[in-house]
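Remarks on the structure that follows.
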Amino acid sequence: MIKKTFRDKKNILSIYFTAGYPNINDTTTIIKQLEKSGVDLIEVGIPFSDPLADGPTIQKSSSQALKNGINLDIVFSQLKSIKNETNIPLILMGYLNQMIAFGEERFLKECRNSNIDGLIIPDLPVDEYQTNYKCLFEKYNLSNIFLISPQTKPERIKEIDEISDSFIYMVSSNSITGAKGSLNTNQISYFERIKNMKLKNPTLIGFGISNKQNFDNACKYSQGAIIGSAFINKISEEGDLKNNINEFVRHIKIDN
Amino acid sequence: MIKKTFRDKKNILSIYFTAGYPNINDTTTIIKQLEKSGVDLIEVGIPFSDPLADGPTIQKSSSQALKNGINLDIVFSQLKSIKNETNIPLILMGYLNQMIAFGEERFLKECRNSNIDGLIIPDLPVDEYQTNYKCLFEKYNLSNIFLISPQTKPERIKEIDEISDSFIYMVSSNSITGAKGSLNTNQISYFERIKNMKLKNPTLIGFGISNKQNFDNACKYSQGAIIGSAFINKISEEGDLKNNINEFVRHIKIDN
Amino acid sequence: MKYKVNKKGFYGKFGGAYIPELLYPNVEELQNNYKQIIESDEFQTEYKKLLKYYVGRPSPLYYAERLSKQYNTNIYLKREDLNHTGAHKVNNTIGQILIAQKLGKKRIIAETGAGQHGVATAAVCALKGLECTVYMGEVDIARQAPNVARMKMLGAKVIPATSGSKTLKDAVNEAIRAWINNPEDTYYLIGSVVGPHPYPDMVAKLQAVISKEMKLQLKTQTGNENPDTIIACVGGGSNAAGSFYHYLKDENVKLVAVEASGEGVFSNKTAATIQVGTPGILHGSKTILMQDKYGQVIEPYSISAGLDYPGIGPIFAHLFDQKRAEFLNATDKEAIEAAFELAKLEGILPALESSHALAVLKKMKFKQDETVVVILSGRGDKDLQTYMKFI
Amino acid sequence: MKYKVNKKGFYGKFGGAYIPELLYPNVEELQNNYKQIIESDEFQTEYKKLLKYYVGRPSPLYYAERLSKQYNTNIYLKREDLNHTGAHKVNNTIGQILIAQKLGKKRIIAETGAGQHGVATAAVCALKGLECTVYMGEVDIARQAPNVARMKMLGAKVIPATSGSKTLKDAVNEAIRAWINNPEDTYYLIGSVVGPHPYPDMVAKLQAVISKEMKLQLKTQTGNENPDTIIACVGGGSNAAGSFYHYLKDENVKLVAVEASGEGVFSNKTAATIQVGTPGILHGSKTILMQDKYGQVIEPYSISAGLDYPGIGPIFAHLFDQKRAEFLNATDKEAIEAAFELAKLEGILPALESSHALAVLKKMKFKQDETVVVILSGRGDKDLQTYMKFI
Ligand SMILES: Cc1ncc(COP(=O)(O)O)c(C=O)c1O
Ligand SMILES: Cc1ncc(COP(=O)(O)O)c(C=O)c1O
């Protein structure tokens, strides 16, 4: 399903949010509203106690979600409950320890049963994936999505491209996810460099995309972009959740 | 004059007080009143900043006297001012550094001019006295009074007796001057021991004598006793200074 | 070799390098170079020089006569408390700062629990003129105030970690986060045998000076380079790893690792990872950790900031697995008692961490002619505030 | 022999034993026995053993590279800060506790200024199971709080001195007073080269281990056992006396004694005895002291509790008289600056006292090939409260 999205669409907007935030039952509301508002891809974060690859905004939302009582069983049942109501690719993002504690195969099976299409597991290293997890992922027809950064060497990017089968998550700058300013020359030259590598997989740019200008810029160099912290900030605001979501997405996607 | 007192009197009461305490000009009042009330010997303490051989009561009176502005020049002029009004042996007590700072010979000369009869300088060691000060003391006809304690060895007591020419200050117990209880068996055996040595000089017992009972006990073993802290406490009380003095002395000397 | 790390960074089932791709270049650079650098003459010369003249090594192996009498055996204290900055931590920071320099890094970041690693890092950064930022849990900042002041005076920036339990694990999270943000010129100077490969092995190699010295000292002082028993506290495990290092293959030397059990192993206020933990991944390595069934890390508790950690170095997970080391634990109360005992019997104030090692003397049986070495990993000056509550 | 004590306890015009007769038996006992005890094999064996295994000696002679560059010369730091309890003071307390034991004493009393001597005394009392009471000025109790806590934890009783300036000199008064009250079984363990003979000589002999080590270390490290210059701070003068000791007769070694000049030598808030003092008698010996024309001791002032003393060891009065040592001084401000300089350049936190020695580096001229030894008499942990005010 992710492949289809990339085949059919341009300027893909992927939104990250934390399951169980702001309230434990908002998970499904948010997914449905995001789809309705015109988002192309959704990343559902499973809150983790020690999210060392996340910035302060996502970190805070995770710890609030955990306080709300969210857990993996609940997330899966929430996802299953809207299985038939949605038709948008879903990616689950979590840390390796969560998958191990749940039982790796059980975890992947549940993902499949919940209509998950892909996984982002920031602390699952490439060769660990290849040696121990690739077969299982394939068994359950799940894509693993890898990250690359300006520091990633060309050979390694090629290796990652080789084992990827949906898209590559291109970190825009050396920074934890979080809302920063616009593109700088370093970022642009990095994007150009990757573009020129003509990878077999499409790329989405993430980390630091916060507004329409960022998004449009990102789309010049890739198939689209991922927004996380800025979206979390938006849904943390007062006001109706659905309205907030709609406003946020329309602002990025449609306003001109 | 000290010698005469010891020749003529029994059960000698010697009172110590701090010059310039409680008020800077009380020095002369106290001397005159002590004589009038029937005291036999007076020790005038020159307040010192670091009176390491004195207990807390005397130490406090010294520091108050210094705050009152007392100094050696003033003490000498106070003593000179009553030279012709009194007829009681006076002993000056101070620390060696005070004598040195004033100039040793000048100090002794001023003592003589102030009708001082003897000196107690707790930190002037016996052999330092013999080597460097004996001649000067003799030149100005001043007695130096030495202390002995239960720890002082017999040979040393004999040596001290040899170089003394007025009396020996017998410390009753191993304690800094201060008001303690009555005599204990250790003290009594020490007093007996000294009595049996049949020294050429008389002895006064000091340190810890605070009331009539102590005083009478002390007089059983020596020619009399010295009271310091208890007297300072008395004159620190509210009420008329002269009355307080009179009351204190009469209580020790006369009440029965 | 049974207890040493393999090429891929594993101790048996444990270890590895479970890190975000963003850190891959940094960790790879370190993996490829650390051994070679450490083994180079240049490194060894400078490292040994600094350990001798700057740190004051060798640290004495002190025969504690009155403590020995108390337990009717022969107790030696390995005096890491006498090191410059007051704990074993500096053995590691001296080594890593040289490695960082060799790799051309300009900025140093570090996490700290008790503050000893932070101080030791700040000191070597000052010594080498490098910029230094230390992450420290808010709770630890409060309970180890003297070390915070020391870091500041040494010119380091101390940044509070305000998430989670606001202790060591959260400081590690913050440090890793900061590293991800500044991967280029920044070196992450980890303070224990935790984190992704090669950190656990690198730190153990640098702390191994402890057991290297012990062998020589015991040989001179007792005639036998092997003791019967070595006792060390374990937070991440660097002082224990260093003092076990050269004895791992001598199976007749009993190795005792002491964890902090807070208010009791099963009180839910504990940091005794081996007792209540299960295998999982924390801070970049597979190890044993305190977690719930969803893999959420359980917030640990110990009176001692340096032991208040929900994981354990992967080598210890392996030593436990292989039964090569015995794992004991001591509660807050037992540690405090042991600290006062050492103070009164030997005139030495142990760090709260080290007090946990001392506390198990009471729980063990010793032969009269046995040689027992307790690692006195640090001095107690940083913990006076805590100790004074019990006086 | 020109600079050593004579039979009667004098250094030239200074020294002696100006004590109340009540203390004569105690002081005489010590005078008659100290040399013989110190020179005995039994003492030497035990003393050396404790210095090595308990204190951690030899203390390193550390070449401070960045500091040397700063002053364009060769600066070595004698690292007394690495001793157990954190200062040179313990060299002396270890020795005196053995002497007290040999004399059959059961109770120990001591005075302390910075608290380092109090801590070192409390530690050796614990080590030997002897009762310990420490007198400390109220002002110093407040500004050296960590050391008060350490003494208490080591089982010592800390009694505040509330008279006079409530600092070191008043603590000495109280200690002497207590000694007079308990002359029989009590040993007064003085912390510097002050007090009646034999204390100044005894303490100097025990601290002389510093210069003894320096000779060997300089020989090994520079090829020449004599440095050009030795710089040490002087409160009473024990660290200076110990580090000058074996160089006194080597007249080509320049000896620099640094006093604390508080807010300025002539500010009336100073402790620079040599600069503003005159000969007199204080605490049982003839020396130079700060006094008015009536011989009243002037209350000294320094930010550093260990230097806040109106007198100076009699040996220093003599060395000044003989021009064998050069006397410099440093203000509060200069000392603080020097402390931060050392922290930032070398990663070492000096005691406030030692910072005064470091502060004169700025005021002196050195040749590029000169060898300068600065005595780092203690570590700065006890002074963090003060340092933090200047950060
Ligand atoms: C004195 C001391 N000992 C032990 C530890 C625990 O660390 P590790 O287990 O790595 O030795 C610490 C940590 O801060 C410490 O400061
Ligand atoms: C670290 C340190 N240095 C120096 C001194 C001053 O003493 P001395 O002059 O006897 O060496 C003290 C006194 O407390 C001290 O603690």
Side-chain angles (χ1 to χ4, degrees), chain B residues 46-56 59-60 62-63 66 70-75 94-103 107 120-129 131-132 145-153 156-157 160 168-171 173-178 180 186 207, chain D residues 8-10 16-29 111 135 161-165 168-186 195-197 278-287 289-300 310-311:
Chain B
I46 324 166
F48 184 48
S49 55
D50 293 76
L52 51 75
D54 292 305
Q59 199 187 332
K60 254 193 235 158
S62 292
S63 94
L66 288 170
I70 198 77
N71 65 40
L72 208 39
D73 286 320
I74 296 173
V75 174
Y95 287 79
L96 184 55
N97 196 51
Q98 297 175 289
M99 181 162 117
I100 294 174
F102 201 80
F107 178 85
I120 300 177
I121 301 173
D123 59 348
L124 173 56
V126 173
D127 46 311
E128 180 82 6
Y129 170 73
T131 324
N132 295 327
I145 291 134
F146 294 98
L147 279 68
I148 61 172
S149 83
Q151 267 66 49
T152 314
K153 289 189 194 125
R156 190 158 173 96
I157 294 177
I160 286 172
I168 292 171
Y169 191 145
M170 210 162 113
V171 175
S173 73
N174 296 310
S175 68
I176 300 273
T177 59
K180 284 263 185 73
N186 276 346
F207 284 37
Chain D
K8 304 200 97 188
F10 280 86
Y18 297 86
I19 42 148
E21 182 64 27
L22 283 63
L23 291 177
Y24 184 82
N26 298 48
V27 170
E28 190 194 26
E29 182 187 26
E111 86 295 339
Y135 296 86
T162 58
S163 62
S165 50
L168 179 53
K169 93 171 163 67
D170 310 288
V172 178
N173 291 338
E174 289 303 333
I176 294 180
R177 215 165 263 139
W179 199 21
I180 293 176
N181 269 317
N182 304 281
E184 269 159 300
D185 59 349
T186 300
H197 176 65
T278 49
I281 284 164
L282 181 66
H283 296 146
S285 70
K286 189 172 280 176
T287 185
L289 63 137
M290 293 165 53
Q291 56 182 331
D292 69 11
K293 66 171 181 163
Y294 296 107
Q296 306 289 358
V297 179
I298 293 173
E299 294 183 359

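Naming convention: chains lettered A, B, ... in sequence-line order (proteins, then strands); numbering from 1 in each chain. Here the structure is a predicted model, which means the values were calculated and not measured.
With a threshold of 4.5 angstrom between heavy atoms, D:Leu289 approaches chain B through side-chain atoms but not through N, CA, C or O. With a 4.5 angstrom heavy-atom cutoff, D:Ala17 touches chain B only via backbone atoms. For D:Glu299, no part lies under 4.5 angstrom from a heavy atom of chain B. B:Ile121 does not touch chain D: none of its heavy atoms, backbone or side chain, sits under 4.5 Å away. Using a 4.5 Å cut-off between heavy atoms, B:Lys60 does not touch chain D at all. In this structure, the portion of B:Ile160 lying under 4.5 Å from any heavy atom of chain D is its side chain and not its backbone. Only the side chain of B:Ile100 comes within contact range of chain D, with heavy atoms under 4.5 Å apart. Within the 4.5 angstrom heavy-atom criterion, atoms from both the backbone and the side chain of B:Gln98 approach chain D.
A heavy-atom distance below 4.5 Å is not found between the side chains of D:Ile180 and B:Ser149. Using a 4.5 Å cut-off on side-chain heavy atoms (C-beta onward), B:Pro125 and D:Tyr24 make no contact.
Side-chain atoms of B:Ser49 come within 3.5 Å of backbone atoms of D:Val297 as a donor-acceptor pair (strictly under, hydrogens ignored). The backbone N or O of B:Pro51 sits less than 3.5 Å from a side-chain atom of D:Arg177, completing a donor-acceptor pair. Put simply, the side chain of B:Asn97 gets close to the backbone of D:Gly295: a donor and an acceptor are under 3.5 Å apart. Side-chain atoms of B:Glu128 do not come within 3.5 Å of backbone N or O of D:Gly16 as any donor-acceptor pair.
Atom CG of residue D:Leu23 and atom CD of residue B:Gln151 lie 10.0 Å apart, to the nearest 0.5 angstrom. Of the inter-residue distances, the one linking D:Glu21 atom CD with B:Tyr169 atom OH reads 13.5 Å to the nearest 0.5 angstrom. Between the NZ atom in D:Lys169 and the CG atom in B:Asp50 there is a gap of 3.5 Å [rounded to 0.5 Å]. Rounding to the nearest 0.5 Å places CG of D:Asn181 at 9.0 Å from CZ of B:Phe207. Atom CZ of B:Phe48 sits about 6.0 Å away from atom CD of D:Gln296, to the nearest 0.5 Å. Taking NE2 from D:His283 and CG from B:Asp123, the interatomic distance works out to 10.5 Å, rounded to the nearest 0.5 Å.
Ranked by heavy-atom pairs shorter than 4.5 Å toward chain D, the options B:Leu66, B:Leu124, B:Asp127, B:Val126 are led by B:Leu66.
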Please assess D:Tyr294 against B:Asp73 for the test side-chain hydrogen bond (donor to acceptor under 3.5 Å, both in side chains), listing each intermediate value before the final yes or no. CA-CA 9 Å; D:Tyr294 296 107; B:Asp73 286 320; 2.4 Å; yes
Using the side-chain hydrogen bond (donor to acceptor under 3.5 Å, both in side chains) rule, take D:Ser163 and B:Gln59 through it: C-alpha gap first, then chi angles, then the decisive distance, then the call. CA-CA 8 Å; D:Ser163 62; B:Gln59 199 187 332; 3.2 Å; yes
